[in-house]
Amino acid sequence: MLAMLFATVAFSIDAMLPSLSAIAADLSPQAVNRAQLVVTIFMLGMGVGTLVAGPLSDSFGRKRVVVIGMGIYCLAALIAAQAQSLELLLAARLVQGLGAAGPRVVTLAMVRDLYVGRRMAQVMSFVMTVFILVPVIAPTLGAWIAGFWGWRAVFLSFVVFGVVAGSWLMLRQPETLPPETRRPLHLGPVLAALREVFSSRMVVICIGALSLGFGQMFIFLSTSPQIFTDIFDKGHSFHYWFALVALAAGTSGLVNASLVMRLGMRLLASTAFATQAVLSALALLAFALAPLSPQAEFALFFAYMAGAFFMIGLTFGNLNALALEPMGHIAGMASAVVGAVSTILAVLLAAPAALLYNGTVFPLITSVMLCSGLAFVLLRRLRPGGPDAPDRPD
């Protein structure tokens, strides 16, 4: 249930991708590139909403904020499905993003309310497994829906998704934040909570590592379609190869869930980043020095990409758990800050790195190596004996 709530944002973005050209043809035939705003304006709404939903959930309870957010999300999707102009569609998508911020950020706070320490990381591993798998399934599902009923039906699928997820939460999940532990929604307490988040060494380091981890994933997502098309001539089958990569990422979440109780969050995340940095360096050497056939080059790159996503899957759940561990009393605010700041920083890292693409794999692999190496260095600065110490398996 929590995984489905957390995946709302991924489904809302990736299911739209196959329909952008049809939306452009119907609503903006004179400026087809404007249809891309359907994706970015949703992210804008989600980013703004994240900073609001977290503090609201600390004051009014988790379930209420998620359900209200889902209601806004579904209502905006209905308006988008009926939009006769691109401007109205974009306005509806902005509001839909605001609503989606509720399940996106409050889900993490709910996990922190219910679990601590390594058990929290284990649960987050399952949640992140679904989060990573959804971007692969969603485009195919969106293309199938649009192929049968048109692009407007994709927005109706969002309504079905939101109703199912919200109803599941209402029927099966008790409130995780008791009234006596809620914080008043006044500017003073909100600012105090914000200061507490940024004064925590653990949280700041984890935000930095998460930004670098998300950054390298965004670089892959931005440049791998071009690499598959331009270098390996496999653009027509890219979504199939990417599905296999996603399976590697999903498998890593299950592996992490089985190992984290014994090995701990910090060790698994730092080991994954170190391994990824070493594998990236070896891949650079292989592509630069070894005379490889086109088939061998593709096999090497695919294996490298699958390995990278496997390592990424070992980091996100652990880092989110580490960041929220000392912030249980303000989990809503903390999850909002961690999610918003790490996403924004990751985009700022990935955008210029993706622009370095020059028709070879070297800019991508180099960027991933630097992100992984820096994240490993950051995690090494966490003090031993903290919430993830061996004597605190929780």
Side-chain angles (χ1 to χ4, degrees), residues 132 136 208-235 237-238 240-253 255-256 259 263 266-316 318-319 345-381:
I132 293 171
V136 178
L210 268 172
S211 303
L212 292 162
F214 275 120
Q216 61 180 324
M217 187 179 75
F218 292 167
I219 295 169
F220 267 113
L221 295 178
S222 300
T223 60
S224 56
Q226 291 176 282
I227 290 175
F228 273 73
T229 301
D230 300 343
I231 300 177
F232 302 118
D233 193 27
K234 294 187 182 296
S237 58
F238 170 73
Y240 295 118
W241 293 107
F242 199 81
L244 295 175
V245 169
L247 288 177
T251 301
S252 70
V255 171
N256 186 77
L259 293 178
L263 301 180
R266 186 167 64 102
L267 177 60
L268 280 172
S270 59
T271 301
F273 280 127
T275 303
Q276 184 56 36
V278 172
L279 291 177
S280 298
L282 293 175
L284 285 174
L285 288 174
F287 278 108
L289 302 177
L292 301 173
S293 66
Q295 295 80 7
E297 283 193 348
F298 175 72
L300 176 60
F301 179 77
F302 177 76
Y304 169 73
M305 186 173 175
F309 272 74
F310 183 88
M311 295 303 164
I312 289 172
L314 293 176
T315 59
F316 289 162
N318 291 321
L319 291 175
L345 290 179
V347 171
L348 294 177
L349 287 170
L355 292 176
L356 295 175
Y357 174 71
N358 60 359
T360 72
V361 299
F362 292 105
L364 166 65
I365 298 176
T366 302
S367 299
V368 171
M369 180 180 67
L370 292 175
C371 286
S372 298
L374 288 172
F376 171 74
V377 171
L378 275 178
L379 290 180
R380 294 293 295 174
R381 297 180 64 84

Minimum heavy-atom distance between [X] and [Y], given as atom pair plus value:
| X | Y | result |
| --- | --- | --- |
| L379 | A209 | CD2-CB, 4.0 Å |
| S280 | Y304 | OG-OH, 2.8 Å |
| Q276 | S372 | CG-OG, 3.1 Å |
| L356 | P363 | O-CG, 3.4 Å |
| A346 | F214 | CB-CB, 3.5 Å |
| G208 | L378 | C-CD1, 3.7 Å |

From [atom1] ([X]) to [atom2] ([Y]), nearest 0.5 Å:
| X | Y | atom1 | atom2 | value |
| --- | --- | --- | --- | --- |
| T271 | L314 | OG1 | CG | 9.0 Å |
| L210 | L319 | CG | CG | 4.5 Å |
| L349 | L370 | CG | CG | 10.5 Å |
| F376 | T315 | CZ | OG1 | 14.0 Å |

task = With side-chain contact (heavy atoms from CB on, under 4.5 Å) as the test, would you mind laying out the steps for F301 and I231 before giving the verdict?
result = CA-CA 11 Å; F301 179 77; I231 300 177; over 6 Å; no
request  = Inspect the surroundings of CG in D233 and state if more than 12 heavy atoms from other residues, nucleotides or ligands are less than 6.0 Å away.
outcome  = no
key: Stepwise side-chain contact (heavy atoms from CB on, under 4.5 Å) check, T360 with F287   = CA-CA 10 Å; T360 72; F287 278 108; over 6 Å; no
Qualifying residue for side chain to side chain contact (heavy atoms under 4.5 Å, CB included) with Q216, from C371, S211, S367 =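 That would be C371.
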inquiry  = Whether the side chain of S270 engages the backbone of L267 through a donor-acceptor N/O pair (distance < 3.5 Å, no angle test) should be reported.
reply    = yes
query = Can you check whether F310 reaches V255 side chain to side chain, under 4.5 Å on heavy atoms?
reply = yes
message = What verdict does the side-chain contact (heavy atoms from CB on, under 4.5 Å) test give for F228 and M305, after you've listed the backbone C-alpha separation in whole Å, the side-chain angles of each residue and the deciding distance to 0.1 Å?
response = CA-CA 11 Å; F228 273 73; M305 186 173 175; 3.8 Å; yes
